[in-house]
2 protein chains.
Amino acid sequence: MLEDHLFRPDAVRLLEFLRTHLGGRGTMIQIGGAMEIVYHGRAASTADAGDYLLLLKPDASLQVHAARGIKPLNWQPRIDALDLHLDDGRVALTAERRSPLEIVRATVLEPAFVLALTPRDEGGFVLQGSEAQLRNLLAKRPELIEEGLELLDVELPTGVGGVDLYARDAEGRLVVVELKRGRATHEAVHQLQRYVGRVRDETGGTVRGILAAPEITAPARTRLTELGLEFREVTATPDEAAVDLEQPGLFD
Amino acid sequence: MLEDHLFRPDAVRLLEFLRTHLGGRGTMIQIGGAMEIVYHGRAASTADAGDYLLLLKPDASLQVHAARGIKPLNWQPRIDALDLHLDDGRVALTAERRSPLEIVRATVLEPAFVLALTPRDEGGFVLQGSEAQLRNLLAKRPELIEEGLELLDVELPTGVGGVDLYARDAEGRLVVVELKRGRATHEAVHQLQRYVGRVRDETGGTVRGILAAPEITAPARTRLTELGLEFREVTATPDEAAVDLEQPGLFD
DNA sequence: GTTTCGATATCGGTT
DNA sequence: AACCGATGTCGAAAC
């Protein structure tokens, strides 16, 4: 994985190292040390001289990490052009992106190390517990929401967004179900309200709205009740979704 | 910044390295090499053996990066407990978080390198062009939205969220302004609709609703018009916000 | 390409 | 601690 490295290189050697390794397909470059970072695009930012980690991945994404936080200080999801040059005896790395037009420029003041990595293709990655999985589970077992519920559609487009689950209850009334994999907030309540209103307008009949989530915030619960909508607790544990996945299914 | 390192260490030496350096305040650890990653918490995931970069920052955040993407494969914004032990001749690093209870475990199959970094405190970081800055600018210069607009309040709470700008127009009508720093979507339209409805209910008078953003999506524009609401283009360029910042201001 | 929506969202502010 | 809203959100799927 570690292809090459330099410790405390001078600017010329760093530049040479970068030019050598940046061409390689599948090569990942990491620079650690004192830098200044400038970003200009959808917004703009400047980071004064400080120690940062700059990571350039094989997919042409770039991120600059400081000592804190999951999120990088600056980043670029995809770089279209990369320029390297010496600027006043320092390596300046300018990453440009079109659409939107943005640049991130790192001026390397004092490089502590630079690594050239060639990670092998990553293995499989499986995530359990997404809202999509919960939706598939409930689509197959609508009785987990309410006994007698008959599924009509999944992800039904309404013009104001897609209805997660569209169904008919035991008494023949239409039911709109909005799902959340985590704690539902008042935003989810308003989302449900929009869907219910739209379906009412389109069908002219009685339409129930159910917010199905493992939890709901107190203010959201209040607002939900005011609007005549309902809440159903559905446990979205990864385990249950996994159990579901073990069975061959129609929607997986 | 680079305090210590090992290349291709065996498990015992890696474990010793980690135990030595993890205690240090302000120390950042990076492990690169073949690993397996397991996550269990709000969701659950497994990553098969592959080459990853594991980054443990001084703020007790952890992230594992694969060869693609800005976002880590697995992460933990804050670790409450870290366990290191040898498992079948391999270093297993288990990071636990309470509230919510979650774990990320990395089993290091073949470490390529490990670094101990002590980044100096980062320098200043300034971001220009946030919605908050746009709001401050427009609060000081409401005429940029409409001539004759008189500001009444900023971030006025309404029970369904805060109104970005609350004002009165030249003809004495109340105006609710919803701001977006980027392209406004139908969510912004519905947000504005909620605010306008709430203010109408509370005041009983005529209330105008203005969505102020640099752009608006076509569907959002259609819905906005249907609802009798208005759009005003406001350029949220970092440059203009920066110009504003150069003047000492009330809201900065 | 645009739009939409989920996310282990993260992050910061306020209550 | 819960709640709320912005984010340079990112990223993927649907159209």
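Protein chains get the first letters and strands the later ones, always in sequence-line order, with residue 1 at the start of each.
For B:Gln128 and D:dG8, the CD to P distance is 12 Å, given to the nearest whole Å. If you take OH of B:Tyr39 and P of C:dT8, they are 7 Å apart, rounded to a whole angstrom. We find that CG of A:Asn74 is positioned 16 Å from C1' of C:dT10, with the value rounded to whole Å. The separation between A:Gln191 atom CD and C:dA7 atom P is 11 Å, rounded to whole Å. Straight-line distance from the CG atom of A:Asn136 to the C1' atom of C:dG6: 14 Å, rounded to whole Å. Spacing between atom CG of B:Leu192 and atom P of D:dG5 amounts to 14 Å, rounded to whole angstrom units. Between the CZ atom of A:Arg42 and the P atom of D:dA6 there is a distance of 17 Å, given to the nearest Å. Regarding B:Arg97, its CZ atom lies at a distance of 12 Å from the P atom of D:dA1, rounded to whole Å.
Residue B:Glu215 is classed as having no contact, given no heavy-atom separation below 4.0 Å to the nucleic acid. Across all strands shown, A:Gln63 has no heavy atoms under 4.0 Å from either base or sugar-phosphate atoms. Within the 4.0 angstrom heavy-atom criterion, base atoms lie near B:Leu73. A:Glu102 comes within 4.0 angstrom of a base, heavy atoms only. A:Pro157 comes within 4.0 angstrom of nothing in the nucleic acid, heavy atoms only. B:Pro100 comes within contact range of no nucleotide atom at all, as no heavy-atom separation falls under 4.0 Å. Within 4.0 Å (heavy atoms only), B:Arg183 reaches sugar-phosphate atoms of the nucleic acid but no base atom. Residue B:Phe125 is out of contact with every strand shown, counting any heavy-atom pair closer than 4.0 Å. Nucleic acid contact class of A:Gln76 (heavy atoms, under 4.0 Å, all strands): base. At a threshold of 4.0 angstrom between heavy atoms, the contacts of A:Ala218 are confined to the sugar-phosphate backbone, with no base atom among them.
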### Task
Step by step, work out the salt bridge (charged side-chain N to carboxylate O under 4.0 Å, His left out) result for B:Arg200 and B:Glu202.
CA-CA 5 Å; B:Arg200 268 190 197 130; B:Glu202 287 177 356; over 6 Å; no
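Closest contact between the side chain of B:Ser45 and the listed nucleotides D:dT7, D:dG11, C:dT8 involves C:dT8. With D:dT7, C:dT10, C:dT8 as the choices, the nucleotide that has an atom nearest any side-chain atom of B:Pro77 turns out to be C:dT10. In the set C:dT8, D:dG11, D:dT7, D:dT7 carries the atom at the smallest distance from any side-chain atom of B:Arg181. For B:Trp75, taking side-chain heavy atoms from C-beta onward, the closest of the listed nucleotides C:dA9, C:dT4, D:dG8 is C:dA9. Closest to the side chain of A:Ile70, from the set D:dC3, C:dT10, D:dA6, is C:dT10. When distances are taken from the side chain of A:Lys71 to each of D:dA6, C:dC11, D:dC3, the shortest belongs to C:dC11.
Side-chain nitrogen and oxygen atoms of B:His186 include at least one within less than 4.0 Å of the OP1 or OP2 phosphate oxygen of C:dC5. Distances shown here put every side-chain N or O of B:Ser130 at or beyond 4.0 Å from the OP1 or OP2 atom of D:dG8. Contact annotation: A:Lys180 side-chain N/O to C:dG6 OP1/OP2 distance is under 4.0 Å. The side chain of A:Ser99 contributes no N or O atom lying less than 4.0 Å from OP1 or OP2 of C:dG1.
Between B:Thr185 and B:Pro72, the residue whose closest nucleotide on DNA chain C is further toward the 5' end is B:Thr185. Mapping B:Arg68 and B:Ala132 onto DNA chain D via the closest heavy atom, the residue that lands nearer the 5' end is B:Ala132.
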Please set out all donor-acceptor pairs under 3.5 angstrom arising from side-chain atoms of residues 25-37 of chain B, sequence neighbours excluded.
unit_1  : atom_1 : unit_2  : atom_2 : d
B:Thr27 : OG1    : B:Gly24 : O      : 3.1
B:Gln30 : OE1    : A:Gln30 : NE2    : 3.3
B:Gln30 : NE2    : A:Gln30 : OE1    : 3.3

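Here B:Glu226 does not pair with B:Arg223 in a salt bridge; the nearest charged N to carboxylate O distance is not below 4.0 Å. With salt bridges taken as basic N to acidic carboxylate O contacts below 4.0 Å, none links B:Arg194 and B:Glu178. Salt bridge absent: A:Glu215 and A:Lys180 never bring a charged side-chain N and a carboxylate O closer than 4.0 Å. Between A:Asp51 and B:Arg120 a salt bridge is recorded (basic side-chain N to carboxylate O distance below 4.0 Å).
For B:Arg198, the CZ atom sits in a packed shell: over 12 heavy atoms of surrounding residues, nucleotides or ligands are nearer than 6.0 Å.
For the P atoms, the distance from C:dT8 to D:dG5 is 22 Å, rounded to whole Å. Taking atom P in both D:dG8 and D:dC4, one finds a spacing of 22 Å when rounded to whole Å. Spacing between C:dC11 and C:dA7 at atom C1', rounded to whole Å, works out to 14 Å.
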